[in-house]
Amino acid sequence: SKNVNILNNEKYFLFINDLGEGYSQVDNVYISKYKKEVAISNIIYIKNMRSGEFWSSTYLPTKKVPNKYEVRFAPYQAQFLRKDNGIETSTKIMVSAEDNVEVRKLRIKNTTNESLEMKTMLYLDVLLSSKDSYIAHPAYNGMFLSMSEYENAVVIKRKTLEGNVMYSAVFSNCEKN
């Protein structure tokens, strides 16, 4: 069954179900895409570099059956807990009460007796547009997105035909050992 959690601060909305499908929006501007056939636009992939085994921090999109899978929904966060062959992951997703910000926090814990090398990758399918605009011209819609990379962040901007910035989004990676 699909249970849904809606996290919001009255302007920023994040919709996510217990399989990991969902999207984010501010007012009528979708930050990430949502289509019924591809309902995942913000995915964290995890890979064990020794075994080559990989999975996502939520059940979808990889559909890899974990040893343990638990989803905890609360008014302030969604949490996805997995255990895959001795590797425990916890993914917390929150929306700031004050600012139009979404935070995803991944923790990885090795419960095996061996040293492991893990790699993570974030996949984003950014829209920064109204749903109607995207549906009317999906290919054309992507032409006005630009991306700038920095040391630990990516900035994506939607520009008008004249080059003025309409919307922007910042995706940042913070690491701690």
Side-chain angles (χ1 to χ4, degrees), residues 1-26 30-128 151-156 169-177:
S1 76
K2 291 184 183 180
N3 295 306
V4 176
N5 196 8
I6 301 171
L7 305 171
N8 73 82
N9 65 11
E10 296 186 20
K11 282 189 70 112
Y12 192 107
F13 290 86
L14 177 126
F15 301 84
I16 193 158
N17 69 27
D18 54 6
L19 299 176
E21 297 172 302
Y23 62 94
S24 306
Q25 73 182 75
V26 177
Y30 283 66
I31 306 300
S32 53
K33 291 182 185 175
Y34 181 82
K35 297 187 292 184
K36 287 186 180 180
E37 63 276 8
V38 183
I40 305 167
S41 56
N42 192 330
I43 306 160
I44 300 172
Y45 289 103
I46 303 158
K47 184 174 183 178
N48 180 335
M49 297 304 287
R50 285 203 175 177
S51 68
E53 188 178 20
F54 74 95
W55 58 94
S56 48
S57 65
T58 58
Y59 180 72
L60 291 176
T62 59
K63 298 182 183 177
K64 182 180 180 294
V65 178
N67 304 107
K68 181 181 177 186
Y69 186 75
E70 182 183 349
V71 179
R72 297 178 185 164
F73 284 157
Y76 57 92
Q77 78 176 12
Q79 183 177 20
F80 296 84
L81 303 161
R82 289 185 65 120
K83 186 168 187 175
D84 295 88
N85 299 325
I87 300 166
E88 295 178 355
T89 59
S90 167
T91 305
K92 290 183 180 178
I93 305 169
M94 300 151 278
V95 170
S96 168
E98 294 86 27
D99 299 305
N100 296 328
V101 175
E102 173 182 333
V103 176
R104 292 182 183 237
K105 181 178 180 181
L106 172 68
R107 288 193 167 192
I108 301 173
K109 182 179 179 184
N110 179 6
T111 63
T112 70
N113 291 327
E114 59 186 90
S115 176
L116 296 176
E117 180 184 352
M118 305 300 295
K119 190 172 200 171
T120 59
M121 182 185 83
L122 177 63
Y123 168 83
L124 298 166
D125 200 352
V126 178
L127 190 59
L128 289 179
E151 188 174 329
N152 286 325
V154 173
V155 177
I156 300 176
V170 178
F171 302 93
S172 179
N173 176 29
C174 303
E175 294 184 25
K176 183 179 178 187
N177 294 329

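Residue numbers run from 1 in the order of the sequence given. All values below come from the heavy atoms of this structure, side chains included, with hydrogens, waters and symmetry mates left out. Given the structure is predicted, the values throughout are model-derived calculations rather than measurements.
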Donor-acceptor check, side chain of [X] to backbone of [Y], threshold 3.5 angstrom: yes or no?
{"X": "Ser172", "Y": "Asn152", "answer": "yes"}
{"X": "Asn9", "Y": "Asp99", "answer": "yes"}
{"X": "Arg50", "Y": "Glu117", "answer": "no"}
{"X": "Tyr30", "Y": "Tyr23", "answer": "no"}
{"X": "Ser32", "Y": "Asp125", "answer": "no"}

Q: Ignoring hydrogens and angles, state whether a donor on the side chain of Ser56 or Thr62 is under 3.5 Å from an acceptor on the partner side chain.
A: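 Result is yes, a qualifying pair exists.
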
About how many Å separate [atom2] of [Y] and [atom1] of [X], when rounded to the nearest 0.5 Å?
{"X": "Leu106", "Y": "Thr91", "atom1": "CG", "atom2": "OG1", "result": "4.5 Å"}
{"X": "Ile31", "Y": "Leu128", "atom1": "CD1", "atom2": "CG", "result": "5.5 Å"}
{"X": "Leu81", "Y": "Thr89", "atom1": "CG", "atom2": "OG1", "result": "7.5 Å"}
{"X": "Ile93", "Y": "Ser24", "atom1": "CD1", "atom2": "OG", "result": "8.5 Å"}

**Q.** Residue Lys64 excluded, over 12 heavy atoms near NZ under 6.0 Å
**A.**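 More than 12 heavy atoms, drawn from other residues, nucleotides or ligands, come within 6.0 Å of this atom.
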
**Q.** Partners passing side chain to side chain donor-acceptor pair (under 3.5 Å) against Glu88 (at least two apart in sequence or in another chain)
**A.** none

Q.
Tell me every residue that passes side chain to side chain donor-acceptor pair (under 3.5 Å) with Asn5, counting only those two or more places apart in sequence or in another chain.
A.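 Testing Asn5 for side chain to side chain donor-acceptor pair (under 3.5 Å), a comparison that skips the adjacent residues, returns none.
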
Q: Could you note down all residue pairs passing salt bridge (Lys or Arg N to Asp or Glu O under 4.0 Å) where residues 104-116 supplies at least one of them, sequence neighbours left out?
A: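 As it turns out, the salt bridge (Lys or Arg N to Asp or Glu O under 4.0 Å) pairs with a partner in residues 104-116, which skip direct neighbours, are Glu102-Arg104.
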
Q: Apply the side chain to side chain contact (heavy atoms under 4.5 Å, CB included) test between Ser96 and each candidate in Val101, Val103, Leu7; give the one that qualifies.
A: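 Going through Val101, Val103, Leu7 one by one, the side chain to side chain contact (heavy atoms under 4.5 Å, CB included) with Ser96 is satisfied by Val101 alone.
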
